[in-house]
Amino acid sequence: MPLLLLDLDNTLVDRDAAFRAAVACFLAEHGLPARDLTWAMDTDAGGYTPRHEVADDAAAAIEQAVRASR
């Protein structure tokens, strides 16, 4: 009998921990500030923020950082 398991609330897999580890690794590999981890976790909101909103927020944050560095 086939079985389908869906984890919609982080009970089977700790999605937040996996996302946090992936973002921390990405930041370290690209020499970006570790403080951006808090921003990424807040913006992601446990996976509830739509991906296009996360992408828009990231683009805006990058644009702001580029302007500030000029």
Acceptor/donor pairs from residues 54-65 side chains to any protein atom, 3.5 angstrom cut, sequence neighbours excluded:
from, atom 1, to, atom 2, distance (Å)
Glu63, OE2, Arg67, NH2, 2.4

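- Closest approach of Leu27 and Pro33 over heavy atoms only: CD1-O, 3.8 Å.
- For residues 16-45, the ring-ring contact (aromatic ring centres under 6.0 Å, His included) pairs, not counting sequence neighbours, are Phe26-His30.
- Between Gly46 and Asp16, the closest heavy-atom pair is CA-OD1, 3.3 Å.
- Asp9 is linked by a side-chain contact (heavy atoms from CB on, under 4.5 Å) to Asp7, Thr11, counting only residues two or more places apart in sequence or in another chain.
- In this structure, Leu12 CG and Leu5 CG are separated by 6.0 Å, a value rounded to the nearest 0.5 Å.
- Within the 3.5 Å criterion, the main-chain N or O of Val13 finds no donor-acceptor partner in the side chain of Arg15.
- Within 6.0 Å of CZ in Arg35 there are 12 or fewer heavy atoms belonging to other residues, nucleotides or ligands.
- Electrostatic pairing of Asp44 and Arg20 does not count as a salt bridge here, judged by no charged N lying under 4.0 Å from a carboxylate O.
- A distance-only check finds no donor-acceptor pair linking the side chain of Thr43 to the backbone of Ala40 [under 3.5 Å].
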